[in-house]
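Written out below as structure tokens is the structure these notes cover.
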Amino acid sequence: MEAATMAWTAAGVGMALVYWFVWVMGAAEVKGKRAVDLKMGSITNDKVKDKYTQYWSFFRRPKETATTEASAEKVPAFVDTFYNLVTDIYEWGWGQSFHFSPSLPGRSHREATRVHEERVADLLQAKPGHRLLDVGCGVGGPMRAIAAHSGSNVVGITINEYQVNRARAHNRKAGLDSRCEVVCGNFLSMPFADASFDGAYSIEATCHAPRLQDVYGEVFRVLKPGGLYVSYEWVTTSLYRADNPDHVEAIHGIERGDALPGLRRQDEIASIAREVGFEVLKELDLALPPALPWWTRLKMGRIAYWRNSLVVRVLTMLRIAPKGVSEVHEMLYETAQHLTRGGETGIFTPMHMVLLRKPVESK
Ligand SMILES: C=C(CC[C@@H](C)[C@H]1CC[C@H]2C3=CC[C@H]4[C@H](C)[C@@H](O)CC[C@]4(C)[C@H]3CC[C@]12C)C(C)C
Ligand SMILES: C[S@@+](CC[C@H](N)C(=O)[O-])C[C@H]1O[C@@H](n2cnc3c(N)ncnc32)[C@H](O)[C@@H]1O
């Protein structure tokens with residue numbers, strides 16, 4: 001073969017490989033977000049690396065961020081930065097629901113996710129005409145599933161403006177924008193009137209609050225008397241030992257890589273709920289057997305992670321993705337290892353479910 005022909009063939013194969021990695025293999029788990037569209041929320045390209053460095057130095061010592069008042073106050077702003085950095089990567093590699101769910105035999109991740117979300121609607125006894133609050137709504141995967149399943153209207157709140165725009169666009173596309181509304185705000189001080197919701201839920205979101213009392217107190221305020229609240233909480237279990245370095249490393253890894261100001265213990269949740277005035281109707285770790293592991297989805301994706309990190313590097317080299325995306329992706333990869341370890345050892349659960357009621361006689 002002539003040198004020129006060989007060069008053209010090599011170039012053709014190279015281009016085909018790049019195309020395959022970036023456009024075909026790099027396509028979203030749920031259609032809608034592709035690798036070539038990776039942005040870092042509302043952070044401009046030149047600021048991504050700096051923002052990531054600031055985020056990392058803030059959450060390096062998770063417990064301290066929750067316990068000193070001055071840093072606790074800064075948590076929502078850093079959580080906002082975190083979601084600017086990760087929202088597109090989450091959507092691209094996970095889908096529109098930013099949470100875990102127990103695996104279901106013979107069912108896809110998508111189906112398992114939906115079942116976990118519909119359980120919330122069922123626990124709330126949500127009906128057409130009800131007005132529900134989604135506390136920390138992400139890009140609205142759960143909100144759309146719950147509105148569709150129950151016929152209720154849902155109002156979601158998130159601290160991150162980029163997510164608000166993504167969620168609104170998804171709601172329109174799903175034809176649910178007349179029943180799903182999204183508001184940008186802080187769930188520690190919500191822009192809603194007292195007693196204005198029939199029900200409320202939070203899926204893997206309140207773990208970002210430095211003090212759970214503050215967010216539970218706000219949910220209590222905006223619920224109508226008799227209204228139900230379901231929360232899926234991230235907590236350490238009774239198997240966690242603070243004197244076991246492997247346990248400490250896994251939990252710190254989860255906190256650092258998920259913008260958490262210190263995980264709470266499983267046995268703290270119900271008493272905090274009672275402290276703000278709720279009645280505790282049910283409490284159950286949905287990860288316990290017979291539920292199948294929630295972390296297998298993270299483990300099965302090793303080849304996908306490797307592929308994704310290559311895609312991210314190629315896109316950064318081609319300047320399609322901003323500098324810093326590789327670092328964020330690497331951080332998420334490490335976080336996935338810590339989460340898997342937390343699941344396998346049983347020291348951590350992302351689905352400690354509580355069903356709470358605002359007493360009928362309360363104001
Ligand atoms: C509730 C929270 C988020 C939970 C999960 C939705 C996310 C936790 C870790 C995330 C991921 C880790 C590895 C990423 C991988 C390296 C990348 O190639 C594709 C995306 C990941 C799989 C990503 C997806 C979302 C998570 C599973 C917290 C923040 C309270
Ligand atoms: C892991 S995501 C879960 C999103 C959604 N519940 C889901 O399951 O797809 C956590 C969400 O909580 C929101 N959040 C965290 N802290 C917040 C705060 N102080 N006020 C409002 N939203 C907050 C984040 O912006 C994000 O949308």
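Every number for a ligand or one of its atoms is a count from 1 in the order of the listing.
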Q) Which heavy atom of the protein is the closest neighbour of atom 22 (N) of ligand 2, given with residue, atom name and distance? A) Ile159 N, 3.1 Å
Q: Taking the six-membered ring for Trp and the single ring otherwise, decide whether the centroids of Phe348 and Trp294 are under 6.0 Å apart.
A: yes
Q: If the plane angle is over 60° it's perpendicular, under 30° parallel, otherwise tilted; pick one for Tyr333 and Tyr305.
A: perpendicular
(Q) Please list the nearest protein heavy atom to atom 26 (C) of ligand 2 with its residue and the distance rounded to 0.1 Å. (A) Gln163 OE1, 3.5 Å
Q. Where does His208 meet ligand 2, judged by heavy-atom distances below 4.0 Å: at the side chain, the backbone, both, or neither?
A. side chain
Q: Tell me which protein heavy atom sits closest to atom 25 (O) of ligand 2, plus the residue, atom name and distance to 0.1 Å.
A: Thr158 OG1, 2.8 Å
Q: Could you check atom 2 (S) of ligand 2 against the protein and tell me its nearest heavy-atom contact, residue, atom and distance included?
A: Tyr83 OH, 3.3 Å
(Q) Polar contacts were defined as any N/O atom of the residue lying under 3.5 Å from an N/O atom of the ligand; does this apply to Phe187 and ligand 2? (A) yes
Q) Can you find an N or O of His329 that's nearer than 3.5 Å to an N or O of ligand 1? A) yes
Q: Select one of side chain, backbone, both or neither to describe which atoms of Ile203 lie under 4.0 Å from any atom of ligand 2, heavy atoms only.
A: both
Q. If you measure every N/O of Glu204 against every N/O of ligand 1, is any gap under 3.5 Å?
A. no
Q) Mind checking whether Phe100 and Trp234 have parallel, tilted or perpendicular rings, split at 30° and 60°? A) tilted
Q) Please walk me through it: do Arg131 and Asp198 pass salt bridge (Lys or Arg N to Asp or Glu O under 4.0 Å)? A) CA-CA 5 Å; Arg131 184 173 188 245; Asp198 301 287; over 6 Å; no
Q. Which option, Ala77, Ala145, Ser202, Gly136, owns the non-hydrogen atom nearest atom 12 (O) of ligand 2?
A. Gly136
**Q.** Identity and separation of the nearest protein heavy atom to atom 9 (O) of ligand 2
**A.** Phe98 N, 2.7 Å
(Q) Looking at ligand 1, would His208 count as a contact under a 4.0 Å heavy-atom criterion? (A) yes
(Q) By the definition ring pair (Phe, Tyr, Trp, His ring centres under 6.0 Å), identify the one residue from Phe59, Phe78, Tyr83 that meets it with His208. (A) Tyr83
Q) Cluster question for you: counting only ILVMFWY and a side-chain heavy-atom cut-off of under 4.5 Å, with indirect links fine, are Phe220 and Leu223 together? A) yes
Q: Check the surroundings of atom CZ in Arg119: do more than 12 heavy atoms from other residues, nucleotides or ligands lie under 6.0 Å from it?
A: no
Q. Looking just at side-chain N and O atoms, do His99 and Glu117 make a donor-acceptor pair shorter than 3.5 Å?
A. yes
(Q) Quick check on contacts: which atoms of ligand 2 are under 4.0 angstrom from a heavy atom of Val79? (A) 15 (C), 16 (N)
Q. Does a donor on one side chain and an acceptor on the other come within less than 3.5 Å for Tyr229 and Ser202?
A. yes
Q.
Could you identify the single nearest non-hydrogen protein atom to atom 19 (N) of ligand 2 and state the distance to 0.1 Å?
A. Asn186 OD1, 2.9 Å
Q | Polar atom proximity, Gly141 to ligand 2 (N or O, under 3.5 Å) | A | no
(Q) Please list, in number order, the atoms of ligand 2 under 4.0 Å from a heavy atom of Gly185. (A) 20 (N), 21 (C)
Q | Protein contact to atom 8 (O) of ligand 2 [nearest heavy atom, distance to 0.1 Å] | A | His99 CD2, 3.1 Å
Q. Counting each atom of ligand 2 from 1 as listed, which ones have a heavy atom of Ala205 under 4.0 Å away?
A. 10 (C), 11 (C), 12 (O)
Q | Pair Asp88, Tyr162: side-chain N/O donor-acceptor within cut-off below 3.5 Å | A | yes
(Q) Quick check on the hydrophobic clustering: are Phe192 and Val135 connected, directly or via other members, by side-chain heavy-atom contacts under 4.5 Å? (A) yes
(Q) Could you identify the single nearest non-hydrogen protein atom to atom 1 (C) of ligand 1 and state the distance to 0.1 Å? (A) Trp234 CZ2, 3.2 Å
**Q.** Atoms in ligand 2 flagged as close to Gly138, the criterion being non-hydrogen separation under 4.0 Å
**A.** 4 (C), 5 (C), 27 (O)
Q | Subset of ligand 2 atoms that lie under 4.0 Å from at least one heavy atom of Ser97 | A | 9 (O)
Q: Between Ala259 and ligand 1, find which residue part has any heavy-atom pair under 4.0 Å and reply side chain, backbone, both or neither.
A: neither
Q: Would you mind listing which atoms of ligand 2 come within a distance below 4.0 Å of any non-hydrogen atom of Glu204?
A: 1 (C), 3 (C), 10 (C)
Q: Decide whether the shortest distance between a heavy atom of Leu339 and an atom of ligand 1 is less than 4.0 Å.
A: yes
Q. Heavy atom under 4.0 Å from ligand 1: found in Trp92's side chain, backbone, both, or neither?
A. neither
Q: Output the list of atoms in ligand 2 that are nearer than 4.0 Å to some heavy atom of Pro142, sorted by atom number.
A: 7 (C), 8 (O), 9 (O)
(Q) Below 4.0 Å from ligand 1: does a non-hydrogen atom of Tyr83 turn up there or not? (A) yes
Q.
Does only the side chain of Asp258 get under 4.0 Å from ligand 1, or the backbone, or both, or neither? Count heavy atoms.
A. both
Q) Where's the contact between Ala209 and ligand 2, heavy-atom distance under 4.0 Å: side chain, backbone, both or neither? A) neither
Q.
Check this for me: Glu161, atom CD, are more than 12 non-hydrogen atoms of other residues, nucleotides or ligands nearer than 6.0 Å?
A. no
